[in-house]
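Order of the sequence lines sets the chain letters (A, B, ...), proteins ahead of strands, with each chain counted from 1.
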Number of protein chains: 2
Amino acid sequence: MNAAFLLTQLGTHAANRFAERIAALGVSPPQVGLLRWIAQSPGNSQQAMARHFDIQPSRVVTFVDELEEQGLAQRRPDPTDRRVRIVELTDRGQEVLRGVREVMREHEEEIVAPLSAEERAQLHELLRRVAEEAGLTPGVHPGYRSLPPRIARAN
Amino acid sequence: MNAAFLLTQLGTHAANRFAERIAALGVSPPQVGLLRWIAQSPGNSQQAMARHFDIQPSRVVTFVDELEEQGLAQRRPDPTDRRVRIVELTDRGQEVLRGVREVMREHEEEIVAPLSAEERAQLHELLRRVAEEAGLTPGVHPGYRSLPPRIARAN
DNA sequence: TATTGTTATACTCTATAACTATA
DNA sequence: TATAGTTATAGAGTATAACAATA
């Protein structure tokens with residue numbers, strides 16, 4: 001079992017566990033990504049969101065529709081360009097986001113549970129360097145675009 | 001960016017890169033998983049395969065169909081139980097598997113490229129312990145069952 | 001003419017259940 | 001009555017292209 005396979009295996013495991021945890025808050029992993037980004041970069045359009053996450057604009061529509069239906073975000077017209085719809089969090093969305101942050105802390109603790117404080121720092125630094133070399137955008141999940149999302153993978 | 005998120009992000013990246021590499025050999029990630037398992041545990045039924053990978057028997061049918069159409073594996077009747085179909089590799093399947101192993105070495109080298117030999121050993125050991133604590137079956141990819149396989153994840 | 005957001009459509013992956021042939 | 005393999009069906013997730021409103 002080489003490091004690349006362990007990364008794939010653990011990455012999927014971590015994503016699955018996180019999805020289970022936030023399901024209790026009524027949100028999905030991509031919704032969490034959007035909530036966090038909306039909070040951090042307020043006043044942005046859906047196009048900006050599509051560019052940031054490198055997804056299709058039509059998918060942004062679906063995600064924002066979901067957030068709106070759940071009362072976590074709302075669309076607002078841009079006063080300077082009537083084509084644009086600015087997306088912002090509702091009070092309830094900010095509340096859910098606080099819950100998400102707590103879940104993230106619990107999740108992190110669970111994943112690195114078997115490691116000492118020193119080992120955690122070591123792992124973090126090694127992963128950070130590998131991610132940097134791979135050219136990954138900090139905070140943005142690369143998704144599964146080119147990957148047939150099936151189960152019985154060897155790597 | 002905590003370790004859990006880095007694992008998710010890097011795991012997806014590694015899986016995507018591996019899928020790209022083996023696409024040149026004409027096989028998909030799950031096909032690689034099956035090829036390797038068939039080679040390592042010869043004479044097994046499709047049911048055994050479904051149990052090992054924890055997937056539905058109906059999916060095994062699809063995967064083995066694909067392998068057969070590509071001439072990489074073939075079904076053979078079990079002499080002791082006429083319900084059972086034993087799956088084995090063809091010569092061409094074994095040849096492709098050798099290519100897959102070479103690709104795995106190249107892939108591993110690419111992922112850990114920025115690390116020294118000592119750091120690679122460190123990372124491997126840390127990942128191994130985390131995977132063990134998480135209860136992951138060695139060599140079996142956990143898949144994306146409970147995870148909405150979308151792109152804009154926060155974790 | 002280009003851009004924002006939206007809708008429509010098709011395609012892939014997956015889970016479930018029903019079916020057949022054997023045991 | 002249970003099991004191995006298969007087929008059929010429906011549901012998610014995704015990509016693509018076309019569209020209306022606006023710039």
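Put simply, the side chain of A:Q46 never gets that close to the backbone of A:P57: no donor and acceptor are under 3.5 Å apart. B:E88 places no side-chain N or O within 3.5 Å of a backbone atom of B:R76 that could act as its donor or acceptor partner.
In this structure, B:M49 places its CE atom 20 Å from P of D:dT3, rounding to the nearest Å. Atom CD in A:E66 sits roughly 11 Å away from atom C1' in D:dG13 (whole-Å rounding). Regarding B:Q47, its CD atom lies at a distance of 10 Å from the P atom of D:dT3, rounded to whole Å. One can place CD of A:Q46 at 14 Å from C1' of D:dA21, the figure rounded to the nearest angstrom.
For the segment residues 67-86 of chain A, the set of residues with a heavy atom within less than 4.0 Å of an atom of DNA chain C comprises A:R75, A:R83, A:V84, A:R85, in numerical order.
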I'd like a list of close polar pairs between nucleotides 16-18 of chain D and the protein, N/O only, cut-off under 3.5 Å.
residue: D:dT16; atom: O4; partner: A:S58; partner atom: OG; Å: 3.0

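One finds the CG atom of B:L126 at 13.0 Å from the NE2 atom of A:H124 (value rounded to the nearest 0.5 Å).
Of all non-hydrogen atoms in A:R92 and A:G71, the two that sit nearest each other are CB-O, 3.7 Å. Nearest heavy-atom pair, B:G99 versus B:L25, reported as atom, atom and distance to 0.1 Å: C-CD1, 3.6 Å. Between B:V64 and B:M49, the shortest heavy-atom distance links the atoms CG2-SD, 4.3 Å.
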**Request:** Please assess B:E132 against B:R129 for the test salt bridge (charged side-chain N to carboxylate O under 4.0 Å, His left out), listing each intermediate value before the final yes or no.
**Result:** CA-CA 5 Å; B:E132 186 179 46; B:R129 283 172 52 200; over 6 Å; no
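Residues A:R17 and A:E20 are paired through a salt bridge, judged by an N-O separation under 4.0 Å between the basic side chain and the carboxylate.
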